Amino acid sequence: MNILRISRFCCLIFMAALFVAPPGHARPEGKPRLAILPFTLNGPEEFGYLKEGVRTMLASRVAARAGTVLIGGAEMAKAPDGSGEYDLEAVAAELAADLVLTGSITVLGPTVSIDARLLMIEKDITESFFAAAENQALVIGAVDRLATEVSGVISGEGGRVFRKEESSPPPTSSKPSPEADDQSIHPDRIFKTPVIVPPPVAVPLEIPAAPPLPTASLPGSARGPAATRSQFLDMEIQVIDVGDLFGDGGEQIVIAEKRKITVFRRDNGQLQKVGGVPEAPRHVRIIALNLADLNNNGRAEIYISAVSDNSPYSYAAEWDGRQFVKTFDRRPHYLRPLFVPGKGWGLYGQQAGFDGPARPGIYKADPESGSLDTGDKLDISGSANLYEFVLGDFTGDGRLETVVQTQKGELLIHNGGGDLLWRSSGDYGYTKRFIGEPYSGAGDHENLQVGTRLVAEDLNGDGRAELVAMENPSGVAALLKTVGSFIGGSIKVLTWDGVGFTELWSTGEIGSYVASFQVEGARLHLGLVAEKSGGLFTGLHSFMASYGLPGPAGE
């Protein structure tokens with residue numbers, strides 16, 4: 001039970017409230033009326049006590065500092081359409097409020113972060129706010145910082161200017177392209193240590209930046225270190241990747257929605273939009289996205305696999321110095337950049353099946369045109385589709401093994417001769433992405449699950465590749481792949497112990513849908529989707545989270 005934790009937190013709230021004068025119930029002349037709606041929780045239910053505690057502290061501080069009058073009844077406000085998503089203007093009208101504040105609390109491991117949104121009726125604008133605490137003991141400080149910002153905006157002393165989201169492309173780099181052997185990094189391998197360079201010009205989102213949270217390396221721990229996270233994004237993430245798209249040594253985060261691809265850079269822990277790929281037609285649905293510099297010009301290309309009317313629809317895009325332009329389009333097969341030991345980097349593809357989502361056989365493809373060479377077939381151990389495997393020396397015997405993430409959510413490892421060395425009993429890799437017909441079941445048109453990627457890299461310096469994979473909560477395999485909620489999951493680093501894979505490190509349970517992840521140097525990046533409020537998948541938004549990964553012993 002968490003009785004001790006709850007008691008301590010309630011005591012902290014009470015002590016903090018002693019320093020704040022209670023708000024009046026009558027409305028003094030000229031003072032704005034503030035309604036604070038109930039906060040929502042993105043995380044385990046055991047942290048539900050934070051919702052009212054944070055709301056109470058924030059209310060008392062804002063009322064005292066901004067000179068507002070708190071009004072009751074906000075906790076009874078309901079969405080007019082029953083969706084669970086608040087209509088702030090309707091709430092303001094119902095309660096005769098001048099200001100309406102709503103928010104959510106996200107718990108990632110020990111980290112607690114708070115997002116808030118303020119509607120100002122008189123100015124007809126909405127401002128967003130963000131604060132984070134490394135652990136629950138520091139929540140009061142985070143609330144205090146948030147209250148200071150909110151109060152400053154209400155009183156006009158905060159110095160913030162409301163701006164709608166815009167995009168501004170980065171400047172054309174005058175830096176010469178690196179040599180061919182200095183390629184940008186690929187999705188299935190660890191990225192180079194970031195080079196600190198002046199970032200591209202960008203217009204910030206409306207949510208302010210927050211100082212990044214420190215992390216600590218915890219080799220062998222079952223729990224991850226403190227996590228950093230971005231602000232909420234008004235989108236539903238499908239898949240992410242990270243790489244140098246501009247050839248300036250920096251790193252950008254690429255996020256795909258169902259049809260739209262947006263490029264962001266990190267700015268003090270927050271995401272700033274710097275560009276995007278031309279949006280796909282309405283009938284197209286993105287299922288995979290990978291970055292790789294296959295033309296050796298120092299800038300990673302974006303390779304996208306999608307489906308259109310249940311048929312493959314793949315394309316690629318690259319920065320041309322001014323904007324992202326497509327290098328090829330509408331290829332009738334699935335594509336994925338892949339590193340093959342002994343052959344190097346290459347683009348590979350798989351054809352659609354005659355009576356199902358995919359036809360057996362993975363072939364080399366031309367990075368310039370996206371065309372397949374059916375005479376150059378990739379020989380891999382174990383039966384696997386294009387997005388289901390990763391290659392590496394996991395056992396340390398100097399030979400190549402293949403790890404496969406099956407349609408049943410199992411992990412299989414095969415040696416070079418095709419022998420099965422180990423099979424997991426967990427549920428791995430499930431996502432909402434699929435190839436096939438919506439709501440399809442058994443039979444000729446069964447869906448093909450497009451799982452989260454697998455990453456192979458020697459993270460602890462023992463000469464063997466570790467496997468990074470996403471494990472879902474138990475029972476998710478029984479859900480339909482197209483309509484399952486998929487809430488929760490954890491990212492695990494698995495290492496070979498001579499007989500099988502054992503856990504070296506884990507993020508611990510994450511209380512959001514893990515749509516996608518990627519590894520960059522010593523950090524793990526996740527694309528997460530959470531509910532805004534209300535019932536199952538009613539109103540979604542997304543955010544990025546980042547963890548420090550374990551390193552070699554002694555580091």
Side-chain angles (χ1 to χ4, degrees), residues 179-189 241 243 287-308 311-318 326-394 398-407 412-419 435 448 450-451 453-457 465:
E179 296 298 324
D181 61 348
D182 186 21
Q183 299 183 15
S184 77
I185 311 305
H186 187 272
D188 293 319
R189 293 182 61 83
D241 206 349
I287 59 171
L289 178 146
N290 295 281
L291 309 184
D293 181 17
L294 300 183
N295 60 12
N296 301 323
N297 67 353
R299 299 190 300 268
E301 304 92 63
I302 305 173
Y303 293 94
I304 303 105
S305 286
V307 290
S308 171
S311 298
Y313 183 110
S314 296
Y315 55 103
E318 185 179 24
K326 291 184 178 180
T327 56
F328 61 79
D329 197 8
R330 299 172 182 265
R331 293 297 175 263
H333 38 258
Y334 311 107
L335 292 171
R336 172 194 172 190
L338 179 66
F339 178 79
V340 179
K343 294 185 178 181
W345 299 106
L347 186 64
Y348 291 83
Q350 186 172 9
Q351 296 171 306
F354 293 112
D355 56 358
R359 191 186 315 176
I362 297 171
Y363 302 95
K364 193 75 178 289
D366 180 7
E368 298 295 329
S369 66
S371 301
L372 286 185
D373 179 1
T374 54
D376 190 349
K377 185 177 181 180
L378 179 64
D379 183 21
I380 60 171
S381 302
S383 175
N385 290 304
L386 184 62
Y387 307 109
E388 297 176 344
F389 68 93
V390 68
L391 305 169
D393 179 12
F394 297 97
R399 292 178 290 183
L400 196 64
E401 289 90 33
T402 304
V403 172
V404 177
Q405 189 167 255
T406 72
Q407 291 293 296
L412 312 178
I413 180 169
H414 298 267
N415 63 19
D419 299 320
I435 302 170
L448 179 67
V450 181
R453 60 169 49 90
L454 299 171
V455 174
E457 188 71 15

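Since the structure is predicted, the reported quantities are computational estimates derived from the model, not experimental observations.
- Taking CG of Leu372 as the start and NZ of Lys364 as the end, the distance is 11.5 Å to the nearest 0.5 Å.
- How far CD of Glu318 is from CG of Asn297: 4.5 Å, rounded to the nearest 0.5 Å.
- In this structure Asp373 satisfies the side chain to side chain donor-acceptor pair (under 3.5 Å) test with no other residue, sequence neighbours excluded.
- Tyr303 meets the side chain to side chain donor-acceptor pair (under 3.5 Å) test with Glu301; sequence neighbours excluded.
- Across every non-hydrogen atom of Ala306 and Ser314, the tightest pair is N-OG, 4.4 Å.
- Here the OG1 atom belonging to Thr374 is positioned 10.5 Å from the NE2 atom belonging to His333, to the nearest 0.5 angstrom.
- Of all heavy-atom pairs spanning Leu291 and Gly243, the tightest one is CD1-N, 3.4 Å.
- Between Phe389 atom CZ and Gln405 atom CD the span is 12.5 Å, to the nearest 0.5 Å.
- Here the closest non-hydrogen pair linking Pro312 and Tyr334 is CG-CZ, 3.5 Å.
- Put simply, the side chain of Leu391 does not reach to within 4.5 Å of the side chain of Phe339, judged on heavy atoms.
- With sequence neighbours excluded, the residues forming a side chain to side chain contact (heavy atoms under 4.5 Å, CB included) with Arg359 are Gln351, Phe354, listed by chain and number.
- Considering only residues two or more places apart in sequence or on other chains, Glu388 meets the side chain to side chain donor-acceptor pair (under 3.5 Å) condition with Asn385, Gln407.
- Considering Ile302, Thr327, Ile304 in turn, Ile304 is the only one that fulfils the side-chain contact (heavy atoms from CB on, under 4.5 Å) rule with Tyr315.
- Under the side chain to side chain contact (heavy atoms under 4.5 Å, CB included) criterion, Asp366 pairs with Glu368, Ser369, not counting sequence neighbours.
- Scored by the side chain to side chain contact (heavy atoms under 4.5 Å, CB included) test, Thr406 finds Val404, Lys408, Glu410, Leu412 as partners (sequence neighbours excluded).
- A 4.5 Å side-chain heavy-atom check between Val390 and Val455 finds every atom pair outside the cut-off.
- Pairing each heavy atom of Leu289 with each of Arg453, the nearest pair is O-NH2, 3.2 Å.
- A distance of 5.0 Å separates CG in Leu347 from CG in Leu335, rounded to the nearest 0.5 Å.
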>> Could you walk me through whether Arg399 and Asp393 satisfy the side chain to side chain contact (heavy atoms under 4.5 Å, CB included) test, starting with their C-alpha distance in whole Å, then the side-chain angles of each, then the deciding distance to 0.1 Å, before giving a yes or no?
In response: CA-CA 6 Å; Arg399 292 178 290 183; Asp393 179 12; 5.7 Å; no
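- With rounding to the nearest 0.5 angstrom, the CD1 atom of Ile362 is 6.0 Å from the CG atom of Leu378.
- Considering only heavy atoms from C-beta on, Asp293 comes within 4.5 Å of Asn295 through its side chain.
- Residues satisfying the side chain to side chain contact (heavy atoms under 4.5 Å, CB included) test with Lys377, not counting sequence neighbours, are Tyr363.
- Residues satisfying the side chain to side chain donor-acceptor pair (under 3.5 Å) criterion with Tyr387, sequence neighbours excluded, are Ser305.
- Remark: Phe394 engages Phe501 in a ring-ring contact (aromatic ring centres under 6.0 Å, His included) (not counting sequence neighbours).
- Between Ala292 and Pro337, the closest heavy-atom pair is CB-CB, 3.7 Å.
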